[in-house]
Amino acid sequence: MTVKDILAAIQSPDSTSEDFAALPLPESYRAITVHKDETEMFAGLETRDKDPRKSIHLDEVPLPELGPGEALVAVMASSVNYNSVWTSIFEPLSTFGFLERYGRLSELTKRHDLPYHIIGSDLAGVVLRTGPGVNAWRPGDEVVAHCLSVELESSDGHNDTMLDPEQRIWGFETNFGGLAEIALVKSNQLMPKPDHLSWEEAAAPGLVNSTAYRQLVSRNGAGMKQGDNVLIWGASGGLGSYATQFALAGGANPICVVSSPQKAEICRSMGAEAIIDRNAEGYRFWKDENTQDPKEWKRFGKRIREFTGGEDIDIVFEHPGRETFGASVFVTRKGGTITTCASTSGYMHEYDNRYLWMSLKRIIGSHFANYREAWEANRLIAKGKIHPTLSKVYSLQDTGQAAYDVHRNLHQGKVGVLCMAPEEGLGVRDHVKRAQHIDAINRFRNI
Ligand SMILES: C/C=C/C(=O)SCCNC(=O)CCNC(=O)[C@H](O)C(C)(C)COP(=O)(O)OP(=O)(O)OC[C@H]1O[C@@H](n2cnc3c(N)ncnc32)[C@H](O)[C@@H]1OP(=O)(O)O
Ligand SMILES: NC(=O)C1=CN([C@@H]2O[C@H](COP(=O)(O)OP(=O)(O)OC[C@H]3O[C@@H](n4cnc5c(N)ncnc54)[C@H](OP(=O)(O)O)[C@@H]3O)[C@@H](O)[C@H]2O)C=CC1
């Protein structure tokens, strides 16, 4: 039995759940990996010079054993997230430490502690097998998977699954991720594949859409409401392209920051009107490596006020980190919120705390999304309220190049990867719904 036989079953309209259950599984499959014995390969290089094309490999790997509550999924498509860039450049630390730590938890989690890490935190595909105790999903189900892996043995995570002490991001802090022909997930990561999308379109939103949903919309994040002025950094990027859609769909007023006229045009085509090209306007929030320039924060704030009729920002959607955080805190209105989920440009932030406490502002840390938030975010995609922002699609063997593009900020929106799918455009089930949204679905394509 080979991966080709599985693909034939997926492509046959006559395959039943029983057919999938009866398919023997292959002993091995192709997967994107990084190698434990290469974690020092970029030592001494600047972050931007660490090249994912050198560390990312396409390997034939053995199929992992299926445990209770788990599912093996045939992955038709996946997408590149920035966490895979971090893994591939071994920053801020090597992800093999996460695998070792997970491996110490139990006999079953030992499977994850290997000399190679199969990466990737998104997938769209078909369930092949489910482990003992799985009743909600069957072989043959068409699914996407969110990337929250939790054990839920402690009460800490029972109100909000992101607070579980054993919370991990699948394909980053666990092994057997989605950039592969087959992935191993916990069955409660599975969600129905939006039926109007192709495999690669369905695989694109998952991680970033769920993260933006919690960070901006959920009461666990900023709890955005109608009329809010929302400052969105990287508004046409992975997270930002969903934050912009949530702001527009929720009746808020996005102020989109981008770095080129082309990206500004994408935001305009999504429906945003207030767009700041940070490159063209030349903001220099840092005079040198250690000194910020409050005059530049003020110039930025003035520009925002031009768009809002003098109002300041209710919510900042933060992720660039060190480079922008001082400005983000400054431009937030009295009582407003800065919600942060990352620090792409550096995690040691500096801001003037007087503007925070005197103006009663709040900083909220946000990370991925709990089970329910991920489900709600996927539901919005399935209903055609929020759309994938897929720009370009690579083959599995070109994942290194795809990760390089994202690392060097050469991409728009999301970058997809075909895993088992032999070509783009497959997997659409509801053509009528698709036709209703086709322009929005294609908005980011090939730009
Ligand atoms: C969905 C997609 C998401 C993204 O893309 S996010 C972006 C990518 N992700 C990242 O860049 C994050 C990568 N992760 C990290 O950098 C690290 O993961 C953390 C900094 C978050 C944590 O560091 P660590 O070293 O793994 O864990 P510690 O909790 O700092 O443990 C170190 C020791 O410190 C002790 N400790 C922790 N808190 C306290 C405390 N409050 N008081 C005293 N000690 C404390 C611990 O117990 C432990 O100790 P002992 O080494 O002996 O085991
Ligand atoms: N905690 C969590 O759950 C999650 C965290 N993340 C993290 O968030 C970060 C962004 O992810 P994602 O949106 O997918 O990445 P992308 O690269 O797709 O988009 C980020 C955008 O941010 C802008 N940007 C980058 N650097 C700077 C800077 N120095 N100053 C201002 N703007 C900047 C760029 O837009 P432009 O050039 O147009 O301004 C870029 O396109 C990553 O670090 C990622 O690891 C992502 C998802 C989940």
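Start at 1 and go down the list; that is how both ligands and their atoms are numbered.
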Tell me the protein heavy atom at minimum distance from atom 14 (N) of ligand 1, and give that distance in Å.
F98 CZ, 3.7 Å

Among all protein heavy atoms in this structure, tell me which lies nearest to atom 43 (O) of ligand 2, with the distance rounded to 0.1 Å.
T344 OG1, 2.8 Å

Among all residues two or more places apart in sequence or in another chain, which pass the side-chain hydrogen bond (donor to acceptor under 3.5 Å, both in side chains) test with S149?
none

Starting from atom 11 (O) of ligand 1, what is the nearest protein heavy atom, named by residue and atom, and what distance separates them?
P92 CD, 3.2 Å

Heavy atom of the protein closest to atom 8 (C) of ligand 1 (residue, atom name, distance)
W86 CD1, 3.5 Å

Report yes if the side chains of Y283 and R303 come closer than 4.5 Å at any heavy-atom pair, otherwise no.
yes

Relative to the heavy atoms of R101, which atoms of ligand 1 are at a distance of less than 4.0 Å?
24 (P), 26 (O), 27 (O)

Do K295 and D293 sit within salt-bridge range, that is, some charged N less than 4.0 Å from a carboxylate O?
no

When only distance counts, is Y82 in polar contact with ligand 1, meaning an N/O pair under 3.5 Å?
no

Could you say whether the N/O atoms of C341 and ligand 2 ever approach to under 3.5 Å?
yes

Test of proximity, G238 against ligand 2: N or O pairs below 3.5 Å
yes

Between D160 and R214, is there a salt bridge with N-O shorter than 4.0 Å?
yes

For F330, which of F300, Y351, F285, W297 qualifies under side-chain contact (heavy atoms from CB on, under 4.5 Å)?
W297

